[in-house]
Every structure is written in C-alpha cells, then in structure tokens.
Amino acid sequence: MKGLYIHIPFCIKKCNYCDFASYPSLISKSNDYISAMLSEMKLYKGEKIDTVYFGGGTPTVLQINQLQTLISFVFSNFRVLDGAEITIEVNPCTINKEKAIELRKMGFNRVSLGAQSFLNDELKLLGRLHTSDDTISAYKHLSDAGFNNISLDLMYALPNQTNKSLSTSIEQMLKLKPNHISCYGLKIEDGTPFSLMEREGKIKEKSDDEYADMYEIISKNLLEAGYKQYELSNFSLPGYESKHNIKYWTLGEYIGIGLGASSYYKGKRYTRTYDFDKYLESFENAEEYELSLSDKMSEYMFLSLRLTKRGALKKEFASYFGKEITDVFPNEIKKHVKTGMLLDLGDRYILSKKAYYISNSVLCDFV
Ligand code: SF4
C-alpha cells in the first residue's frame with residue numbers, strides 16, 4: 001500500500017539551521033500553491049493509500065479552511081484506507097485550542113510536534129519562534145482535542161547545548177508522555193545562517209565524541225522510560241512506530257505532492273522542482289531517475305539497516321533482487337561482522353548497538 005506526502009513550503013520565519021524547502025515570504029501565494037497541489041493530486045486519482053503525511057515547512061501556518069480544502073481533496077481523490085495513519089507536522093507557535101480541535105475533526109489522527117528543545121536559550125539560538133511553555137501548551141491543546149498519537153521532535157548537538165541541558169529537555173519531554181520521539185543531531189548546512197555564524201566563529205559544531213555522548217544520553221533515558229528504539233533516530237511506545245516513515249526505510253512506494261516533493265511510484269523515483277514559480281506554472285516538471293539494480297541494492301541495505309530490529313532481511317533481499325546479500329556485498333558484510341558492527345541473526349543482518357554511534361560510516365560502505 002502506498003503513502004502520500006503533502007509538502008507545505010511556508011513558515012513564519014526561517015530557522016537558523018534550516019535548509020528545507022520552506023519560503024516564509026511566499027505565504028501570500030498559498031492559495032495558488034494549493035490549487036497547483038490539487039491539480040497534481042489528480043494525476044494519482046483513485047490510488048489506494050494507508051498513510052498521509054502533511055509536512056513542511058509548517059503545514060499549520062495555513063488557515064483552517066485551506067487545510068480543509070486539502071484534506072477533503074485527499075479523501076475524495078484517493079482511496080484512503082480505513083484506519084489510515086494521517087499525520088500533520090505542527091509548530092508549537094502555530095496551534096491553539098480551536099485549531100487543534102479543527103485538525104482532529106478534519107481526520108488527522110497523528111501529530112508531529114516540533115519541540116526541538118525545552119530550553120529557551122537553545123530555542124532562541126536555533127531561531128525558533130516558540131518557547132518551552134508554548135510547546136507544553138500546544139501539547140495540551142492537541143491532547144485535549146483528542147490526539148492520542150503525538151510525536152515530539154528533539155534536537156541534540158546544538159552549539160549551546162550541554163549534556164546537562166539535553167537531560168533537562170529529555171526530562172521535560174518525558175513529562176508530556178508522547179508516544180513517539182524523533183531525535184535529530186544538528187549538522188550545520190551550507191547556506192544557512194548557522195553556517196555563516198560558524199565561519200564567523202560565533203558557533204561551533206559539536207565534535208564526534210560530543211555527538212556520540214549526547215546520542216547515548218538520549219538513548220539511555222528513552223529506553224529506561226519504556227520507549228523502544230525502532231530506527232536509528234526514532235523511538236516509540238509499542239505500536240506507535242511511524243507507519244508512514246517506515247515506508248521510506250523499507251522501499252515502500254509513496255506519492256509526494258508539492259514543491260520539491262519526492263515520489264517512489266511504479267518503480268520510479270522523481271522529485272518535483274524546487275522553484276516555486278515553476279511549480280505553479282507546471283507542477284509536472286520533475287527530475288526523474290530510474291535507479292540501477294546496483295543502486296537499488298545499495299539503497300536497500302542503507303535504508304533497511306536503519307531499522308534497528310528489522311534490519312536487512314536475507315530472503316527479502318533475494319526475492320527483490322535475485323541475489324544473496326553476501327554475493328553482492330561480500331567484503332562489506334565480512335568486515336562489519338568481524339568488527340562487531342553488524343550482527344548476523346540468521347535470517348537478517350542488523351546493526352549492533354555500538355554501530356549506532358558511527359552508523360553513517362557503516363551504512364556508507366554499502367553505497
Ligand atoms: S519551522 Fe521547520 S521548515 Fe520552517 S524554517 Fe524552521 S526548521 Fe525550517
């Protein structure tokens with residue numbers, strides 16, 4: 001079954017670390033953008049989907065009637081399975097009691113709330129517009145509105161973050177009892193205000209050791225609190241894993257709608273243009289590429305090994321590609337099993353716990 005991703009490229013203000021496709025100044029053209037997205041969705045009329053994900057940008061900067069137009073069209077244009085997971089990303093400063101109630105009424109049943117940190121000086125440096133109290137109020141509005149599947153985003157390795165302040169954020173976050181937590185380590189991306197601040201010596205990226213220490217603090221605290229780590233950056237209570245995101249890690253098909261949105265549809269991958277005006281002129285502009293067999297096999301390993309318990313399934317790999325994992329990646333498997341980074345569980349390979357800290361270097365060997 002396919003997933004559907006809807007990209008809303010508007011925010012109130014660009015955060016200092018952000019290199020996502022979000023353009024605060026273009027919100028005045030949101031109605032034109034919505035019309036273009038409705039036309040794009042018609043290309044996939046009648047497709048069966050079991051997950052919907054409104055991401056961004058900040059979907060909740062749209063007005064209630066605009067979100068209603070979009071979600072109603074999703075339900076009329078696609079065959080949305082009963083019980084589908086329908087997620088919307090929410091920025092804490094763009095939600096109030098009324099909006100939370102309306103979102104629930106529209107059919108959203110899962111929220112990804114961008115908390116990032118519970119320390120106001122860290123939020124300020126990130127360029128976030130909300131405070132820790134805003135996150136706590138947003139969470140309450142959403143729970144009161146009937147959302148019982150809320151995920152919180154937490155960032156670590158921030159320039160002004162310490163192990164102690166990270167622990168404080170985790171403690172605050174756990175008090176809210178979210179069912180799901182996504183953790184992102186900060187990487188300073190070119191072209192962002194952070195990259196300029198780094199060049200000017202105002203901030204510094206954390207070292208690999210500091211990064212690993214913070215990852216360990218998160219992992220230890222969340223596991224102790226009863227969360228399961230089902231993906232390298234994602235923790236959930238049992239049964240609350242993100243069904244939509246699991247499609248990305250298991251080569252499931254998904255349809256991406258909107259500016260810069262990627263799709264994996266009928267065996268092809270394509271990405272819509274990042275140029276806003278071009279998208280409005282002709283949303284069908286897309287960079288399309290068919291992955292070679294060798295790219296597909298690499299991608300399978302790179303993505304499936306991120307799933308900590310599931311890992312890379314030997315039979316599944318053979319049925320997809322007609323070859324054994326060990327025939328395609330003999331040296332990589334041998335090297336990482338020998339060093340204890342990969343565990344051979346008989347029917348699958350998974351990353352060992354010690355590999356979580358250096359996962360990129362292990363996963364990149366398969367690319
Ligand atoms: S709210 Fe998210 S998408 Fe918008 S600028 Fe900040 S990080 Fe980027």
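Just follow the structure's listing: the first ligand is 1, and inside any ligand the first atom is 1. Residue numbers run from 1 in the order of the sequence given.
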* F20: numbered ligand 1 atoms lying under 4.0 Å from its heavy atoms -> 3 (S), 8 (Fe)

* Structure fact -> The atoms of ligand 1 lying under 4.0 Å from a heavy atom of Y17, numbered in the order shown, are 7 (S)

* Just which atoms of ligand 1 are under 4.0 Å from any heavy atom in C18? -> 3 (S), 5 (S), 7 (S), 8 (Fe)

* Please could you name the atoms of ligand 1 that K14 approaches to less than 4.0 Å, counting only its heavy atoms? => 5 (S)

* Would you mind checking which non-hydrogen protein atom is closest to atom 3 (S) of ligand 1, with the distance to 0.1 Å? => G57 N, 3.4 Å

* Asked: Between Y33 and F276, how do the two ring planes meet: parallel, tilted or perpendicular, split at 30° and 60°?
  -> parallel

* Would you mind listing which atoms of ligand 1 come within a distance below 4.0 Å of any non-hydrogen atom of K13? => 5 (S)

* If you count the atoms of ligand 1 from 1 in the order shown, which ones are under 4.0 Å from a heavy atom of C11? -> 1 (S), 3 (S), 4 (Fe), 5 (S)

* Asked: H336 vs F366 aromatic rings, parallel, tilted or perpendicular, using cut-offs 30° and 60°?
  -> tilted

* Specify whether an N/O/S atom of C15 falls short of 2.8 Å from atom 6 (Fe) of ligand 1. => yes

* To do: Could you tell me whether D277 and K29 have a side-chain N and a carboxylate O separated by less than 4.0 Å?
  => yes

* To do: Give the numbers and elements of all ligand 1 atoms closer than 4.0 Å to a heavy atom of N91.
  => 1 (S)

* Asked: Of the protein's non-hydrogen atoms, which lies at the shortest distance from atom 2 (Fe) of ligand 1, and what is that distance?
  -> R128 NH1, 4.0 Å

* Where does the angle between the aromatic ring planes of Y5 and H7 fall among parallel (under 30°), tilted (30 to 60°) and perpendicular (over 60°)? -> tilted

* Mind checking whether F194 and Y17 have parallel, tilted or perpendicular rings, split at 30° and 60°? -> tilted

* **Distance, nearest 0.5 Å, that separates OG1 of T135 from CG of D133** => 8.5 Å

* To do: Step by step, work out the ring-ring contact (aromatic ring centres under 6.0 Å, His included) result for Y254 and Y265.
  => CA-CA 6 Å; Y254 50 89; Y265 182 67; over 10 Å; no

* To do: Assess R104 against F147: is NZ or CZ under 6.0 Å from the centre of the six-membered ring, and within 45 degrees of the ring's axis?
  => yes

* To do: Pull out every atom of ligand 1 sitting under 4.0 Å from any heavy atom of T58, numbered as shown with elements.
  => 1 (S), 4 (Fe)

